[in-house]
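This report refers to the structure that appears directly beneath it.
First the proteins, then the strands, lettered A, B, ... as listed; each starts at 1.
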Protein chains: 2
Amino acid sequence: MATLMDVARAAGVSKATASRALQRPELVAEATRERVRDAAERLGFRPNAAARALTTGRTGLIGLIVPTLSNPFFAPLVMGAQRAAEETHSHLLLAVSEYDPAREAALADRLSEQADGLIMVTPVGSDTALRERFRARPLVLVDRQVGRLPAVVADTASGLAELLGHLLELGHREIAYVSGPAGSWADRQRCAVLTEQAAAAGARLRVRGPLPPTFDAGIAVAGSIPAQATAVLAYNSYLALGLLHGLGVAGRRVPEDVSLAAADDLSTLSATTPPVTALDVPLEEAGALAVTRLLDLLAGRRRTVATHLPARPVLRASTAPPRGGAAGIRA
Amino acid sequence: MATLMDVARAAGVSKATASRALQRPELVAEATRERVRDAAERLGFRPNAAARALTTGRTGLIGLIVPTLSNPFFAPLVMGAQRAAEETHSHLLLAVSEYDPAREAALADRLSEQADGLIMVTPVGSDTALRERFRARPLVLVDRQVGRLPAVVADTASGLAELLGHLLELGHREIAYVSGPAGSWADRQRCAVLTEQAAAAGARLRVRGPLPPTFDAGIAVAGSIPAQATAVLAYNSYLALGLLHGLGVAGRRVPEDVSLAAADDLSTLSATTPPVTALDVPLEEAGALAVTRLLDLLAGRRRTVATHLPARPVLRASTAPPRGGAAGIRA
DNA sequence: TTGTAAGCGTTATCAT
DNA sequence: ATGATAACGCTTACAA
């Protein structure tokens, strides 16, 4: 591997000048700059990241911890983060915690040694641990709020409220909510919001789950959706897909017999038969924004504590007024 | 941040001894070792990765480039790789190429600066570029074979052949294959294998696609499955899920009217109605093995060139003999 | 505009 | 068993 010294020698300048020619070209005379660049090119010079990190104190690495990649929720998030990192010439150090707080802590510790800062998607695990971690190193939370720690939160809660509002408006009063994933912060938020709103509207909300976000689970739970329910709300779109199929197999047509909606829009439910009403959650933006926030933090810019990204319902053909009741209410 | 020097001072020893006490405890007297460890603990000493990398020439980082994370095929792969890396105290530097060779090349270049070696999942892009890259840095290919370069390949081809064999054995002679993703190396392999085998067996194979691996695409293509086809083979299980639903909506029952099978088993097709015959592809193993192979390479152990991981068909209720023809053939 | 030289925090090579 | 000391390759005052 050619070092900067080699380049400098080849270009007939000092290490310092070579470094400047490459990193801060404006500080170097045109001619010298070109000579150095040529030499670097010719020798196939690649700066040694470790050496640079050692002097500058910056690795250019961002640690990202997600609970899993099986849940399709996290893929767009990671992709968004990666793209944003790429644009700022950083790299992503990815780790998967498998929803295990101990493992997550270990990973965070180890990543901290290599990364300039951490982005954590940590639906389980304690607030105080996160607070403490934040003190040690720049940290941005995703989809979770802990005090005033910097966070990027997809505002599913209020979007979900709109979605439920839509069902209520259509006239539904017997609604099944399929919840999950088990133990997650966001799940608790969603359940709380929905329960309260349904109660306020005098509707009955039955909660099923918590379930994993899979097609299979949707099929399985389809059988236990009470006959009275005129609408089903699933927290995830794979679940909704499974429900769509499972309800069909069970002889309940969507939306004639029962309405169906999903609290995310991961699998583009727009092309199903019928297309499914869903919440559009800006996951890629969330990932990208988390990176931006972290870089701001690293640059000493301390901005707002938590950013909420709006999630908006996309109304499609799978939601309609219930068989009997609606007309009276709407008239 | 406490440095090794601080620890050494606190323990009343030299830097060298402190380093040894922590890295190679067996070289240090019990008492000293304990003193150093205590000091390190007390000061919250975290070794500086950059400094270590500078002296040892090892960063402990493994670059992993995947084309996307939207295709659920890659999630298990990444998870497998991450777990294996974690076990060997390495970390994963993740980048997404978006199937863009230019971007992939740029990412690979940049990752090479930080990582000890690279794992690339690169269905598109040129062989020669990969060969050249391999010369520059340790590299392991996944799901692609280029000459004698180290690679881990999920042997979908032969598993797929078994799967088609199963359909042929059941008596199917009019088979639709839904292919994809567009332009991928594995897609070409699959198409080639299937076309040849079908021809040899005197069966007709109609290829649809290439299509993306999504539920929607499956629904959309369901309409264009020819009426004569008694069996449909999809290269991906989300596609199969979509087909299952789409065929149902179109009034064709599985497996009575048409058999259905998938060339991977990502979404546990075991729980659908009916359960879908699929190919079990060991993706996590592939990811983990790629890491192992790379570490071997780094350690100077040069082993077999390409490892094939067997993919095995899992026969379920979605495949059955065709309506009329089968009996005669089997009798 | 360019060069000199001092680190950055480890590990590794010698001595002792 | 331990300690000095020299790398590792780069950036950055400071000097010229």
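Side-chain atoms of B:R20 come within donor-acceptor range of the base of D:dG3, with a qualifying N/O pair under 3.5 Å. The base of C:dT10 is paired with the side chain of B:K15 by a donor and an acceptor separated by under 3.5 Å.
Pairs engaging residues 116-128 of chain A under the side-chain hydrogen bond (donor to acceptor under 3.5 Å, both in side chains) rule: A:T59-A:D116, A:E104-A:T122, A:S126-A:T128, A:D127-A:R144 [sequence neighbours left out].
In the set D:dA13, D:dA4, D:dT11, the nucleotide with an atom closest to the side chain of A:T56 is D:dT11. Listed nucleotides: C:dT2, C:dT11, D:dA1. Nearest to the side chain of B:A29: D:dA1.
Comment: A:R110 does not engage A:E113 in a salt bridge, judged by the lack of any side-chain N to carboxylate O separation of less than 4.0 angstrom. Using a 4.0 Å cut-off between a side-chain N of Lys or Arg and a carboxylate O of Asp or Glu, A:D38 and A:R35 do not qualify as a salt bridge.
Straight-line distance from the CZ atom of B:F45 to the P atom of C:dT10: 4 Å, rounded to whole Å. Put simply, CD on B:E113 is 13 Å from C1' on D:dC10, counting in whole angstrom units. Distance, A:R24 CZ to C:dT2 P: 15 Å, rounded to whole Å. Between B:L4 atom CG and C:dG7 atom C1' there is a gap of 17 Å when expressed in whole angstrom units. In this structure, A:L22 atom CG and D:dT11 atom P are separated by 8 Å, rounded to whole Å.
Atom CZ of A:R148 is surrounded by 12 or fewer heavy atoms from other residues, nucleotides or ligands within 6.0 Å.
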